[in-house]
Trainee: 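I am attaching a structure below and will ask some questions about it afterwards.
By convention here, the first residue in the shown sequence is residue 1. Remember, it's a predicted structure, so these values are computed and weren't measured experimentally. All ligand and atom numbering here is 1-based and tracks the order in the structure.
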Amino acid sequence: MMVQEPGWEFGLDTGVSTPTLAMSATGSLVTTGSQDLGFNVSSETRCSRQDRVPVSVLGHWGSNRGQRDEHPLLALQHLYQHHLVWSIQGWTRPAPLSFQRNQQCEAQQMRGTSIPAAAAAPQHDDGDDDDAIPATFSRDVPRWFLCLLAHFLSATNTTTTTSSTTTGTSSSTRMDVLWTIPPLLLLLLWSSSTFVFYFKKCFYVAWMMCLAVLAIPLCLLKSGGRDVENMRVIRSLVRHVKHLLGLRFEVSGWEHLQTKGPYVIISNHQSSLDVLGLMEVLPDRCTMIAKKELIYAGTVGITCWLGGIVFINRKKTSDAKSVMAEAAKTMLDDQIRLWVFPEGTRNQRGDLLPFKKGAFHLAVAAQAPIIPIVFSSYSNFYLRKEKQFNSGTIRLKILPKIDTKGMTTEDVASLLDKSFNLMRSAFLEVSDSVPQSNGTRCH
Ligand SMILES: CCCCCCCCCCCCCC(=O)SCCNC(=O)CCNC(=O)[C@H](O)C(C)(C)COP(=O)(O)OP(=O)(O)OC[C@H]1O[C@@H](n2cnc3c(N)ncnc32)[C@H](O)[C@@H]1OP(=O)(O)O
Ligand SMILES: CCCCCCCC/C=C\CCCCCCCC(=O)OC[C@@H](O)COP(=O)(O)O
């Protein structure tokens, strides 16, 4: 058999121990494959051996239907959809699935010739063909998953075949592609940590936006407008999100939040995921200081406004100072607590950034205590550069309050230093002891 185009190859090591089954599988694939789908399938010579040899179904996705650049996963899906369902049931052990680019074929193509399929056979699991596998794909896909995928695709194939008799081939092709999305999504989620990273991040933002859509009318019903009491609504809406992202919180020092009256909470700020930890421990009548840009974050921005969040312009110190002076007054008048991120920006460099002074001026102006809360490092489950977002545990340590009674602006610098030192050592301590990621595959 001749391979007509270079491209991606896929090899399925079925591990079938009966050569008869293997040969008939191959025969059926060759016939139907060549006719319907424009890929060529051949068996390796090895499959004629008797004893539990890998039966390789070597598909080559050609350009017969102009799909030369199609991703191998799509080619694989077609292979399953039309031919491989029954033979998967003959598998006797988990089937390693490997993709590789056929460089030999490509070279031949450059010279304008085609080459025999035997020459295009994948090198079977020699253990060192990592370069050939797309970086984001795991090497092994378990049998149960492939079976599920195959059954799903065979079912959708029936559906689309029926629909094509009434609506024509183009809509059936469209349906084919549509039905391909869910299993491909599952396969990518299962096999690619980079995909999981982006998927979880997008899901987080999208989900929060949706929750905010729900929060807006609920807040309006509860308080009729902007009110710190709306934070109760927001808190209860956001609490479950950690489960969806595979995160756990371990909180210590609850007793320190039992302080009566207004206080200022300060905490380190690693990512927008901090909102989840914040909502985990948020006391009643507590809202936050946030950058003013957040108000433009669509439904989330509106929800923040309704929750009484105080927006500051970080680029204009004088503006920020007067807003915070006003906030100190409101804290006392309305018995409100304020949560400030004294680093002033997100930071995931494994240590705390030097603190800004606003939170300490605020506490001194209101003569309210400061309660530091430390989030353990996210680096055991969330790595922005490496595109890793696994499941994991976050420790939240609530530290004893720091009194500010009798302090003046003169004391701000020492108050800042004291708070920073306490929080830094707590951060290093909780980050050290935090359990490692719950595993790269537990998404
Ligand atoms: C369902 C939907 C759910 C939605 C969930 C919503 C959850 C949302 C969660 C949202 C989370 C959002 C999270 C976020 O958005 S985090 C980003 C926004 N937050 C912050 O930036 C807070 C921390 N920053 C500060 O506190 C800064 O100090 C500010 C911004 C105020 C000034 O910045 P600057 O860069 O200028 O810093 P500086 O500290 O060097 O100060 C300079 C000078 O000013 C003096 N000074 C400072 N402050 C005061 C004051 N108050 N009274 C009197 N004086 C004051 C100070 O002594 C110094 O003078 P000197 O001493 O050198 O002479
Ligand atoms: C019109 C659509 C606009 C879409 C914008 C998407 C907004 C994000 C939506 C949902 C995310 C969940 C809640 C987010 C609240 C987190 C706020 C946050 O973490 O802001 C970063 C700020 O602390 C520091 O900012 P920088 O690190 O200085 O930068």
Trainee: Would you mind checking which non-hydrogen protein atom is closest to atom 5 (C) of ligand 1, with the distance to 0.1 Å?
Mentor: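 In this structure, atom 5 (C) of ligand 1 has Val275 CG1, 3.8 Å as its nearest protein heavy atom.
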Trainee: Compare all side-chain heavy atoms of Val238 with those of Leu276 and state whether any distance is below 4.5 angstrom.
Mentor: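 They are in side-chain contact.
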Trainee: Which heavy atom of the protein is the closest neighbour of atom 23 (O) of ligand 2, given with residue, atom name and distance?
Mentor: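 Looking at atom 23 (O) of ligand 2, the protein heavy atom closest to it is His269 NE2, 2.5 Å.
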Trainee: Pull out every atom of ligand 1 sitting under 4.0 Å from any heavy atom of Met324, numbered as shown with elements.
Mentor: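 Listed by number with element: 31 (C), 51 (N).
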Trainee: For side-chain contact (heavy atoms from CB on, under 4.5 Å), just list the numbers for His361 and Thr409, CA-CA rounded to whole Å, side-chain angles, deciding distance to a tenth of an Å, and then say yes or no.
Mentor: CA-CA 7 Å; His361 276 289; Thr409 42; 3.8 Å; yes
Trainee: Of all the non-hydrogen atoms in the protein, which one sits nearest to atom 17 (C) of ligand 2, and at what distance?
Mentor: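 Nearest protein contact, heavy atoms only, for atom 17 (C) of ligand 2 is Leu294 CD1, 3.9 Å.
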Trainee: If you count the atoms of ligand 1 from 1 in the order shown, which ones are under 4.0 Å from a heavy atom of Lys291?
Mentor: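 Listed by number with element: 14 (C), 15 (O), 18 (C).
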Trainee: Can we say Arg235 and Asp284 salt-bridge, meaning some charged N sits less than 4.0 Å from an Asp/Glu carboxylate O?
Mentor: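 The answer is yes: the pair qualifies as a salt bridge.
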Trainee: Counting only heavy atoms not in Lys292, do more than 12 fall under 6.0 Å of its NZ?
Mentor: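 Enclosed.
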Trainee: Atom 39 (O) of ligand 1: which protein heavy atom is closest, and how many Å away?
Mentor: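 Protein heavy atom at minimum distance: Lys357 N, 2.7 Å.
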Trainee: Any heavy atom of Val340 closer to ligand 1 than 4.0 angstrom?
Mentor: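 So Val340 counts as touching ligand 1.
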Trainee: Does an N or O anywhere in Gly358 fall below 3.5 Å from an N or O of ligand 1?
Mentor: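 In this structure, Gly358 places an N or O atom under 3.5 Å from an N or O of ligand 1.
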Trainee: Suppose we measure from atom 12 (C) of ligand 1 to each protein heavy atom; which comes out shortest, and what is that distance?
Mentor: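 Closest protein heavy atom to atom 12 (C) of ligand 1: Ala290 CB, 3.6 Å.
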Trainee: So Phe360 and Val364, do their side chains get closer than 4.5 Å, heavy atoms only?
Mentor: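 A side-chain contact under 4.5 Å is absent here.
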Trainee: What is the closest protein heavy atom to atom 5 (C) of ligand 2, and at what distance does it sit?
Mentor: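 For atom 5 (C) of ligand 2, the nearest protein heavy atom is Ala297 CB, 4.0 Å.
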Trainee: Between the side chains of Glu429 and Arg395, is the shortest nitrogen-to-carboxylate-oxygen separation below 4.0 Å, so that they form an ion pair?
Mentor: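 Answer for the salt bridge query: no.
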Trainee: Is a donor on one side and an acceptor on the other found under 3.5 Å between the side chain of Asp319 and the backbone of Asn313?
Mentor: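 Pair absent, no side-chain N/O of Asp319 close to backbone of Asn313.
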Trainee: Tell me the protein heavy atom at minimum distance from atom 29 (C) of ligand 1, and give that distance in Å.
Mentor: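 Among all protein heavy atoms, the one nearest atom 29 (C) of ligand 1 is Ala320 CB, 4.4 Å.
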Trainee: At less than 4.0 angstrom from any non-hydrogen atom of Ile309, what atoms of ligand 1 do you find?
Mentor: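 Matching atoms, with element in brackets: 8 (C).
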Trainee: Could you tell me, atom by atom, which parts of ligand 1 come under 4.0 Å of a heavy atom of Cys304?
Mentor: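 Those of ligand 1 that fall under 4.0 Å from Cys304 are 6 (C).
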Trainee: Determine, using heavy atoms of Glu293 and all atoms of ligand 2, whether some pair is separated by less than 4.0 Å.
Mentor: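 Checking ligand 2 against Glu293, which is what was asked, there is no heavy-atom contact under 4.0 Å.
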Trainee: Going by the closest heavy atom to atom 53 (C) of ligand 1, which one wins out of Lys292, Lys316, His361?
Mentor: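 That would be His361.
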Trainee: I need the atoms of ligand 2 closer than 4.0 Å to a non-hydrogen atom of Val275, numbered in the order shown.
Mentor: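 Answer, ordered by atom number: 15 (C), 16 (C).
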Trainee: Is the closest N or O pair between Thr303 and ligand 1 shorter than 3.5 Å?
Mentor: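 The answer is no, given that Thr303 and ligand 1 share no N or O pair closer than 3.5 Å.
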Trainee: Identify, by atom number and element, the atoms of ligand 1 in contact range of Phe341, meaning under 4.0 Å from any of its heavy atoms.
Mentor: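 Result: 11 (C), 13 (C), 22 (C), 23 (C).
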Trainee: Search all heavy atoms of Arg248 against all heavy atoms of Glu250 and return the closest pair with its distance.
Mentor: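 In this case the closest contact between Arg248 and Glu250 is NH2-OE2, 3.2 Å.
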Trainee: Do NZ/NE/NH1/NH2 and the carboxylate oxygens of Arg232 and Glu229 come within less than 4.0 Å?
Mentor: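 Glu229 and Arg232: salt-bridged.
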Trainee: Looking at atom 28 (O) of ligand 2, what's its closest protein heavy atom, distance included?
Mentor: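 Atom 28 (O) of ligand 2 sits closest to the protein heavy atom Thr345 OG1, 2.6 Å.
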Trainee: List the closest protein heavy-atom neighbour of atom 43 (C) of ligand 1: residue, atom name, distance to the nearest 0.1 Å.
Mentor: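 Answer, as residue, atom name and distance: Thr317 CG2, 4.0 Å.
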Trainee: Can you classify the ring geometry of Trp339 versus Phe375 as parallel (below 30°), tilted (30 to 60°) or perpendicular (above 60°)?
Mentor: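 Trp339 vs Phe375 ring planes: perpendicular.
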Trainee: Report yes if the side chains of Arg239 and Glu280 come closer than 4.5 Å at any heavy-atom pair, otherwise no.
Mentor: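 Heavy-atom side-chain distance check passes, below 4.5 Å.
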Trainee: Of all the non-hydrogen atoms in the protein, which one sits nearest to atom 16 (S) of ligand 1, and at what distance?
Mentor: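 Protein heavy atom at minimum distance: His269 CD2, 3.8 Å.
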Trainee: Within the 4.5 Å heavy-atom criterion, are Gln270 and Ser377 side-chain neighbours or not?
Mentor: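 Yes, at least one pair of side-chain atoms sits under 4.5 Å.
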Trainee: Could you tell me, atom by atom, which parts of ligand 1 come under 4.0 Å of a heavy atom of Ala359?
Mentor: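 Here the atoms of ligand 1 in question are 26 (O).
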Trainee: How far apart are the C-alpha atoms of Leu338 and Thr287, what are their side-chain angles, what is the distance that settles it, and do they pass the side-chain contact (heavy atoms from CB on, under 4.5 Å) test?
Mentor: CA-CA 5 Å; Leu338 275 175; Thr287 189; 3.6 Å; yes
Trainee: What is the nearest protein non-hydrogen atom to atom 10 (C) of ligand 1, stated with its residue, atom name and distance?
Mentor: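 Its nearest protein heavy-atom neighbour is Leu294 CD2, 3.8 Å.
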Trainee: His256 versus Tyr263: any side-chain heavy-atom pair under 4.5 Å?
Mentor: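 Result no, sub-4.5 Å side-chain heavy-atom pair not found.
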Trainee: Got a second to check how far Cys202's SG is from Trp207's CH2, nearest 0.5 Å?
Mentor: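 Going from the SG atom of Cys202 to the CH2 atom of Trp207 covers 15.0 Å.
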Trainee: Do me a favour and list the nearest non-hydrogen protein atom to atom 6 (C) of ligand 2 with residue, atom name and distance?
Mentor: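 Of every protein heavy atom, Val205 CG1, 4.0 Å lies nearest to atom 6 (C) of ligand 2.
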Trainee: Can you name the atoms of ligand 1, numbered from 1 with element, that are less than 4.0 Å from a heavy atom of Arg314?
Mentor: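 With Arg314 as reference, the close atoms of ligand 1 come out as 17 (C), 18 (C), 21 (O).
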Trainee: Does Ile312 reach ligand 1, in the sense of a heavy atom lying below 4.0 Å from it?
Mentor: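 A heavy atom of Ile312 does come that close to ligand 1.
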Trainee: Is there a protein heavy atom at a distance of less than 4.0 Å from atom 24 (N) of ligand 1?
Mentor: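 True for atom 24 (N) of ligand 1.
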Trainee: Quick check on side-chain contact (heavy atoms from CB on, under 4.5 Å): which of Met279, Arg337, Arg285 does Met231 satisfy it with?
Mentor: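 The option that passes is Met279.
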Trainee: Tell me the nearest of Glu326, Met279, Lys356 to atom 37 (O) of ligand 1, using heavy-atom distances.
Mentor: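 Selected option, by shortest heavy-atom distance: Lys356.
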Trainee: Is Ser376 close to Phe427 at the side-chain level, that is, under 4.5 Å between some pair of heavy atoms?
Mentor: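 Side chain of Phe427 against side chain of Ser376, heavy atoms only: no contact under 4.5 Å found.
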Trainee: Determine whether any protein heavy atom is located less than 4.0 Å from atom 61 (O) of ligand 1.
Mentor: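 It does: a protein heavy atom is found less than 4.0 Å away from atom 61 (O) of ligand 1.
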Trainee: Using the six-membered ring wherever Trp is involved, compare the ring planes of Phe381 and Phe389 and label them parallel, tilted or perpendicular (cut-offs 30° and 60°).
Mentor: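 Tilted: the ring planes of Phe381 and Phe389 meet at 30° to 60°.
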Trainee: Assess Ala325 for proximity to ligand 1: is some non-hydrogen atom of it under 4.0 Å away?
Mentor: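 The answer is no: ligand 1 sits nowhere under 4.0 Å from a heavy atom of Ala325.
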Trainee: I'd like to check Ser271 versus Arg384 (side-chain heavy atoms, cut-off strictly below 4.5 Å). Are they in contact?
Mentor: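 Yes, their side chains come closer than 4.5 Å.
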Trainee: Going by the order shown, which atoms of ligand 2 are within less than 4.0 Å of some heavy atom of Val300?
Mentor: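 Ligand 2 atoms under the 4.0 Å threshold to Val300: 9 (C), 10 (C).
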Trainee: Starting from atom 17 (C) of ligand 1, find the nearest protein heavy-atom neighbour and note its residue, name and distance.
Mentor: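 Of every protein heavy atom, Gly344 O, 3.4 Å lies nearest to atom 17 (C) of ligand 1.
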Trainee: Nearest to atom 4 (C) of ligand 2, what protein heavy atom do you find, and at what distance?
Mentor: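 Going by distance alone, atom 4 (C) of ligand 2 is nearest to Met209 CE, 3.9 Å.
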Trainee: Under 4.0 Å from a heavy atom of Met208: which atoms of ligand 2 are those, numbered in the order shown and with their elements?
Mentor: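 Taking each heavy atom of Met208 in turn, ligand 2 has 10 (C), 12 (C) under 4.0 Å.
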Trainee: For ligand 2, is there an N or O atom under 3.5 Å from any N or O atom of Arg314?
Mentor: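 Yes, since at least one N or O of Arg314 sits under 3.5 Å from an N or O of ligand 2.
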Trainee: Tell me the protein heavy atom at minimum distance from atom 20 (O) of ligand 2, and give that distance in Å.
Mentor: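 Protein heavy atom with the smallest distance to atom 20 (O) of ligand 2: Lys291 CE, 4.0 Å.
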Trainee: Can you label the angle between the Phe199 ring and the Phe203 ring as parallel, tilted or perpendicular, going by 30° and 60°?
Mentor: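 Taking Phe203 first and then Phe199, their aromatic rings lie parallel (interplane angle under 30°).
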Trainee: Can you name the closest pair of heavy atoms from Met331 and Ala366 and give their distance?
Mentor: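 Closest approach of Met331 to Ala366, heavy atoms only: SD-CB, 4.3 Å.
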Trainee: Quick one: nearest non-hydrogen protein atom to atom 29 (O) of ligand 2, plus distance?
Mentor: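 Residue, atom and distance for the closest contact: Arg346 NH2, 2.8 Å.
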